[in-house]
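Report on one structure; see the data block that follows.
Here is how names work: the chains are called A, B, and so on, in the same order as the sequence lines, proteins then strands, and each is numbered from 1.
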Protein chains: 2
Amino acid sequence: MANQASTSTRSSDKILAAATKIAQAHGYGGLNLRALAEEVGIKAASLYHHFPSKADLAAAVAKRYWEDAAAALEAISAKTPDAVACLRKYPATFRAALANDNRMCLASFMTAEYDDLPDVVKTEVLTFVDVNVAWLAKMLVTAEIVGAKDARTRARAIFAAVSGAQLMARGRADIKLFDTLIDTYRAAGLLPA
Amino acid sequence: MANQASTSTRSSDKILAAATKIAQAHGYGGLNLRALAEEVGIKAASLYHHFPSKADLAAAVAKRYWEDAAAALEAISAKTPDAVACLRKYPATFRAALANDNRMCLASFMTAEYDDLPDVVKTEVLTFVDVNVAWLAKMLVTAEIVGAKDARTRARAIFAAVSGAQLMARGRADIKLFDTLIDTYRAAGLLPA
DNA sequence: ACCTGAACACCGTTCAAGT
DNA sequence: ACCTGAACACCGTTCAAGT
């Protein structure tokens with residue numbers, strides 16, 4: 001994971017990074033290849049030398065997105081021994097997207113676009129959800145909040161609720177609303193206080 | 001509300017109905033005027049005789065959407081005296097969208113498209129949220145689940161969570177997942193059991 | 001290998017011309 | 001009044017042709 005980007009992947013990385021930011025604000029349909037190319041400093045046609053199609057580019061974006069999310073979650077649980085403390089930190093990544101120019105989770109936006117999503121992209125988006133749910137389930141069991149049998153279901157409910165909070169807060173461009181919603185989930189008992 | 005559609009609004013109604021279905025599956029960006037026109041049986045250019053622009057058409061769609069939602073919610077609370085029973089029925093409208101070819105809430109989709117939404121549309125989308133939150137808050141107070149001071153906040157949390165559940169279920173085209181998520185919210189204490 | 005101009009099919013929109 | 005073909009400037013995308 002550390003020594004993979006030596007020389008040739010540089011411009012692909014630039015493309016992926018720029019595409020991720022655009023897709024987090026405009027979705028798959030709103031990912032404008034001319035605008036993306038301009039941001040990277042090439043012509044739109046040149047994009048096709050790095051990725052065979054918009055679908056494959058978006059799949060690469062979504063794949064890196066869940067890989068980064070998985071690494072970030074592992075970093076949290078590696079650094080924080082207390083599982084309850086880990087669960088308290090979970091909403092922070094969703095908050096960070098809003099703090100970054102009112103952006104949202106790439107996977108949530110693309111989930112809305114389900115009907116128009118190429119299969120290769122759909123797969124990666126689903127994996128993002130799986131990664132989050134698996135991590136949450138593990139923390140819930142470790143924290144002894146639910147038994148192993150109910151962990152996956154509760155984890156999915158937390159993921160859905162936090163996603164919904166991010167979406168609602170984006171609609172008002174109001175990050176404080178996100179914080180209030182998360183606090184309300186805690187007060188109601190969905191998330192550990 | 002009853003005697004407004006006599007003769008001239010007929011085709012406008014057909015356009016709005018078809019546009020609503022398309023927007024619930026593809027969003028504002030994915031609302032293709034040529035495809036919409038074909039479904040209605042006219043040419044795209046003819047659409048402009050009924051609505052001055054795509055933005056105005058989408059605003060009319062979103063406006064009717066929240067008006068219908070408001071009427072449906074009023075129908076529930078008028079027919080069901082018990083506020084707790086009303087709250088139990090609330091997720092049903094979101095479920096119905098999923099049951100209708102895995103569609104989703106128009107407002108949720110458009111909220112994701114926030115950055116690309118004309119202001120006239122944005123306003124109507126926000127009103128949909130307000131209508132839902134106001135009704136939920138009223139039911140929560142009547143049911144004595146929360147006090148008047150916390151009603152709005154709790155109502156927003158419920159709306160966000162239910163929206164998130166719909167989005168997640170759409171991503172798997174799995175309506176049973178929606179049911180499970182709602183049940184989990186109830187078990188956790190976010191919604192009344 | 002990497003890049004591009006030019007072309008393609010498509011989009012929202014306009015408008016003169018039909019009924 | 002309502003509709004339309006044709007055109008406009010634009011878009012994402014493709015490809016033959018450059019270096």
Grab the [atom1]-[atom2] distance between [X] and [N] for me, whole Å please.
| X | N | atom1 | atom2 | answer |
| --- | --- | --- | --- | --- |
| A:Leu47 | C:dA1 | CG | P | 18 Å |
| A:Phe51 | C:dC3 | CZ | P | 12 Å |
| A:His49 | D:dC15 | NE2 | P | 15 Å |
| A:His26 | D:dC11 | NE2 | C1' | 15 Å |
| A:Lys43 | D:dG18 | NZ | P | 19 Å |
| A:Leu36 | D:dC11 | CG | P | 14 Å |
| A:Tyr48 | D:dT13 | OH | P | 4 Å |
| B:His50 | C:dT13 | NE2 | P | 15 Å |

Looking at B:Glu38 and B:Arg34, is any side-chain nitrogen of the basic one under 4.0 Å from a carboxylate oxygen of the acidic one?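 The answer is no: the pair does not qualify as a salt bridge.
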
Basic-acidic side-chain contact under 4.0 Å: A:Asp101, A:Arg103: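 A:Arg103 and A:Asp101: salt-bridged.
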
Are more than 12 heavy atoms, taken from residues, nucleotides or ligands other than A:Lys89, located less than 6.0 Å from that residue's NZ atom?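 For A:Lys89, atom NZ is crowded (more than 12 foreign heavy atoms under 6.0 Å).
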
Given [options], identify the nucleotide with an atom nearest to the side chain of [X].
| X | options | value |
| --- | --- | --- |
| B:Lys54 | D:dT4, C:dG5, C:dT13 | C:dT13 |
| A:Ala44 | D:dT13, C:dT13, C:dT4 | D:dT13 |
| A:Arg34 | C:dA1, D:dT14, D:dC11 | D:dC11 |
| A:Leu33 | C:dG12, D:dT4, D:dT13 | D:dT13 |
| A:Ile42 | C:dG5, D:dA6, C:dC3 | C:dC3 |

Which part of the nucleic acid, if any, lies within contact of A:Leu31, taking any heavy atom under 4.0 Å across all strands shown: a base, the sugar-phosphate backbone alone, or nothing?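 The residue A:Leu31 makes no contact with any strand.
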
Taking a pair as Watson-Crick or G-U wobble with both distances under 3.5 Å, which nucleotide is matched to [N]?
| N | answer |
| --- | --- |
| C:dA9 | none |
| C:dC3 | none |
| C:dA17 | none |

Measuring to OP1 and OP2 of D:dC2, would you say a side-chain N or O of B:Ser46 lies under 4.0 angstrom away?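 No, B:Ser46 has no side-chain N/O under 4.0 Å of OP1/OP2 on D:dC2.
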
Assert yes or no for the condition that the ring centre distance of A:Phe178 to A:Phe94 is strictly below 6.0 Å.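 Distance test on ring centres: not under 6.0 Å, no.
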
Distance under 6.0 Å and angle within 45° of ring axis: A:Lys54 vs A:Tyr28: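 Yes, A:Lys54 and A:Tyr28 form such a contact.
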
